[in-house]
Amino acid sequence: MTPPRRLAAALAVAVLAGAATAPAQPRHRISTVRDRFFLEEQDRGHSRPFEMWVTRIANALFDPRFTDAVVENLDDYLRYGVNTVVVGIQGGNLQTGKNHLFPRVYHADGTLDLTSVVWPSLLRLLAETDRRGMVLMIQYWYCLRDEEVPDDASALACTRRVTEWLRNTGHHNFVLDVVNEFGHSAYEVPGQPGVKRPLFTTLDGALAMLHAVYGVMPDVVAGLSPVGGLAAPEGFHVTRFGLSWVESGIILGHNQVSDPLNPSSYRVGSKPRDPSSKPCVNNEFDSHLGSERYPQKDPVTGQLTYGHFTASAVDRYLADLRRLRQMGTYANVFSSRQQFIPPAGTIPNAFVGPEGTQPEASSGAGEGSVHWIFAEIAAQQKRGSLAHWHDFENGLASGIERHLGGAWAIAGGRLEQTEAHLGSGFARLVIDGGDMEVALDAAFLAEPGAAGRLAVQLGAPTPAGPAYRLRIGKSAVALDQLGGSLGPAPVVLAKNAADRYRLQIEGGRVQVFVNGSRVFDEPDPTPLAGRNLLLVTEQAAGAFDHVRSGPVRATTFDDGSPGPWIAGDPQAWQVRLRQGSGTDRIWEATVPANDARHAWLDLRFADFEFTHELDLSAGSRAAFRFRMADARQAWSDGYSLWVDGAGNVALDRVQAGTPPIQLACGQAAVTAAAIRVRTTVEGNRIVARVDGKKVIDTVDPGAPFEPGALALVALAGTTRFDNLRIEGGPSRIPAAAVLAPAGPAIPAGLAVEFTDPDGFLDLAHTKLLLDLGAGFFEITSLLAPGAGLFRFTPTADGKGARFTLVPAVPLGPTPLRLKAVATDAAGNTGEDVVGFNLP
């Protein structure tokens, strides 16, 4: 190391320690343009449309254990497209006499009780959601709890102080529901039962509340939510009495679309669209599910559950979700019991996260699963196929019920059932229906007897069926269909210590692959609609690992069909055998000179990863198109990724009325006829690889396109496509973040975190860089254990790392920028840059 670099590294120690005294730099700002939300990525300087999907967890702040549970599930919410969480500063409870269970946050004189646990919990959720590009909806006041501040003038002062507190955090990833259920009869003048409190129930009160907020933060997005059916103001509000107006920036509504007592908010039928052009958010509705009932006892397990939802109730609920979105309203997702306090409890008895399950009301009845609802959200977002993934290496099995039969536990990074004498032990996971696939590793824990089997079932919630079933023995596997006409069909196959099994159900066929080889390919004359995956042991102790389930996401054309892909000109496209192969089929397009043909997938995607193989005739090239406005038109608005046979790649932005704009280009060495292309899209960032080499990694500076369709385009000549695979959803690219600790200023505790939800980081290529004004230089060596500066801990999922600064080091006034760069095993990168102005 040269003397100047040695000096710079020593200075970095002092600067890093001091940076821990500064708050983490907020990254996102939520705003509105007419009736739509936009989220600005402030570090990149561009905005994107924000399709708000809300789930309400009113009591997320009032106990650190509950806040922990919410944070642990944020990534799972986001995976399903739920990107906004509602929390209440006063909590949420409509039970007289329960106020003593909540921490006090406001004093009677309108000052804030800053010793309350609510404030650090709220700061933590602001930071954790901001880091993920999520939004908080924050409720200030809740009925009955408003009694903490009995005087209206003090309540207005309190409203201003909360807004000042939020402003001082520096965060902008929140919207405000200043008064939850504004106008509710429970907002009474203290000491005068039955007399409504004007500040919380009248138009003048609503205006006063909003003026108190906007006087502190003029650019915040704020509103008040009414009780369903109440003629109360909420921005532009259509009621049976006419129009009511208040100066809100957002319209908030309650209850389901079909509620005959709720004529407001939703502009059903002949009612007009909102001429004030504010976003409309439904922030609570779930009465179709009987959500406000107390827990009921499950008839099978005897345990308390959150109610039994029949298929018809769920269908009605989902229909309302669809209708809300069709009307341009942003919708709330199932949030029942997330604000309920048990009669003798002090912490909410709540499900947090989308993968919670509910046992059936009776055997074979409609599955009452929270997952149904979240899967519908993902489908409406049209972000692509979802999959459960469990590797058990983090000691978790989220969403898997293990109390149903047998001694199930996670050991050695596997899910094990150790009672070999049981005739049937099973664990259950709720999954998507329709065409889908399941993959897993299965192993015996001990030598099985003659009747010992492991099994995988897809269908009903119990081993009795109806279901598809793959039974695994020591020397054979068998496929059959309980309650159907398929099988049994045994195949002799030696069992290794652990084997990989994949079941694929698609288009009326059932296929089974063992260690990559297909052993069953059967037509299914009696398809079963099931939403349960069972892992079963029969008179054997067994282990399951690397469990994945989700819709079929690959198209190989080997069955002679293009699957869900639609050809614009069917005559130009044919499924053919690849030359020299007896089984491998391809999709081939033959195109006249100076012409083009395209095929598309009738789904819309925002963030995704798409992989395909290309085999091009001499001099030809092909395009992969995405975020297309109209899939039926080959050149509608969207992006085009061009590839030719020499490995030249170009990314174009196509927009009506202007020539295509080339955003980036690159070249990869091509050594085989079939070119493997992988495209990853996250926000406005687009990464393209050819045969494993990254050739494009760019951020489009233009206005973001809406989620759109995917298409393949072939130009003149012959183009062959094969092995298409779509991985839908956000977080396809690893992330890095520099995190300052919450709470009072301290000279230590700054954290650098590297994460990769979809894979594993390559820590050898993970970097930390520092800029003191003359450009970045690398200081990754300071993260090494020998330096003694940072404490290393793996992230909760085992796929990332956190380095926390340990010592306190004096420092002087210094501006700096820190950059963290994460790299995964496939070469994908993500980075975070944070600037500090230190006193």
Side-chain angles (χ1 to χ4, degrees), residues 437 502 504 506 511 513 515-518 552-569 572-591 596-601 608-626 634 639-651 664-681 686-697 710-727 732 825-828:
E437 63 183 24
R502 180 164 65 92
Q504 180 174 309
E506 182 181 22
Q511 300 180 74
F513 301 80
N515 297 326
S517 298
R518 183 163 48 196
V552 176
R553 298 166 300 172
T555 307
T556 64
F557 311 111
D558 292 341
D559 62 354
S561 165
W565 290 82
I566 302 168
D569 178 3
W573 296 80
Q574 300 292 329
V575 176
R576 301 182 185 277
L577 280 172
R578 185 184 293 274
Q579 188 174 1
S581 171
T583 58
D584 186 15
R585 295 179 182 270
I586 56 176
W587 205 22
E588 182 179 280
T590 304
V591 183
R597 296 291 185 270
H598 84 295
W600 71 89
L601 189 66
F608 63 89
E609 186 168 270
F610 180 72
T611 307
H612 67 295
E613 290 180 7
L614 277 172
D615 187 346
L616 298 161
S617 59
S620 186
R621 63 176 184 156
F624 165 54
R625 303 220 57 215
F626 54 96
Y639 296 103
S640 301
L641 183 74
W642 293 97
V643 181
D644 68 16
N648 295 302
V649 183
L651 176 67
C665 61
Q667 185 177 32
V670 174
T671 59
I675 305 171
R676 188 76 168 167
V677 182
R678 177 155 57 103
T679 308
T680 307
V681 179
I686 300 164
V687 180
R689 284 178 170 76
V690 174
D691 291 343
K693 178 185 176 183
K694 181 160 61 176
V695 292
I696 286 177
D697 187 347
L710 310 182
L712 303 171
V713 181
L715 296 188
T718 300
T719 303
R720 302 174 182 89
F721 298 91
D722 200 4
N723 298 319
L724 314 181
R725 177 170 287 275
I726 304 163
E727 302 281 351
R732 307 306 312 169
N828 299 303

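Tested against W573, the residues W565, W587, W600, F557 include a single ring-ring contact (aromatic ring centres under 6.0 Å, His included) partner, W587.
Contact annotation: the side chain of F721 approaches that of L614 to within less than 4.5 Å [non-hydrogen atoms, C-beta and beyond]. Under the 4.5 Å side-chain criterion, counting only non-hydrogen atoms from C-beta, V591 is not in contact with T719. In this structure, the side chains of L712 and L724 come closer than 4.5 Å at one or more pairs of heavy atoms. I696 is listed as a side-chain neighbour of L641, based on a closest heavy-atom distance under 4.5 Å. Here the side chains of L601 and I726 are in contact, with some heavy-atom distance below 4.5 Å. Inter-residue side-chain proximity for P562 and V575 is flagged as met; some heavy-atom pair is nearer than 4.5 Å.
Not counting sequence neighbours, the partners of D615 by the side chain to side chain contact (heavy atoms under 4.5 Å, CB included) test are R578, A673, R720. By the ring-ring contact (aromatic ring centres under 6.0 Å, His included) test, F626 pairs with F608, F624, Y639, sequence neighbours left out. Legend: residues meeting ring-ring contact (aromatic ring centres under 6.0 Å, His included) with F513, ordered by chain and number and at least two apart, are absent. In terms of the side-chain hydrogen bond (donor to acceptor under 3.5 Å, both in side chains) criterion, R621 has no residue partners (sequence neighbours excluded). A search for side-chain hydrogen bond (donor to acceptor under 3.5 Å, both in side chains) contacts involving D697 returns R685, K694, not counting sequence neighbours. When the side-chain hydrogen bond (donor to acceptor under 3.5 Å, both in side chains) test is applied to R585, no partner is found at least two apart in sequence or on another chain. For R518, the side-chain hydrogen bond (donor to acceptor under 3.5 Å, both in side chains) partners at least two apart in sequence or on another chain are Q511. Partners of A716 by side chain to side chain contact (heavy atoms under 4.5 Å, CB included), not counting sequence neighbours: none found. With sequence neighbours excluded, the residues satisfying side chain to side chain contact (heavy atoms under 4.5 Å, CB included) with A596 are W635, V713, L715. The side chain to side chain contact (heavy atoms under 4.5 Å, CB included) search around A646 returns D644, N648, not counting sequence neighbours.
Side-chain contact of T611 with R678: a donor-acceptor pair under 3.5 Å is absent, judged by distance alone.
Among all heavy-atom pairs drawn from A634 and R625, the shortest one is O-NH1, 2.7 Å. Nearest heavy-atom pair across D691 and A669 is OD2-O, 4.2 Å. Scanning all heavy atoms of the two residues, the minimum distance from A589 to A714 falls at CB-CB, 3.8 Å.
Distance check, rounded to the nearest 0.5 Å: CD1 of I675 to CD of E613 gives 10.5 Å. Remark: D584 CG to L577 CG distance equals 8.5 Å, nearest 0.5 Å. Interatomic distance, CG of D558 versus CG of D722, reported as 6.5 Å (0.5 Å rounding). Annotation: the span from H598 atom NE2 to L710 atom CG amounts to 11.5 Å, rounded to 0.5 Å.
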Report the C-alpha distance between R676 and N723 in whole Å, list the side-chain angles of each, state the deciding distance to 0.1 Å, and finish with yes or no for side chain to side chain contact (heavy atoms under 4.5 Å, CB included).
CA-CA 9 Å; R676 188 76 168 167; N723 298 319; 3.5 Å; yes
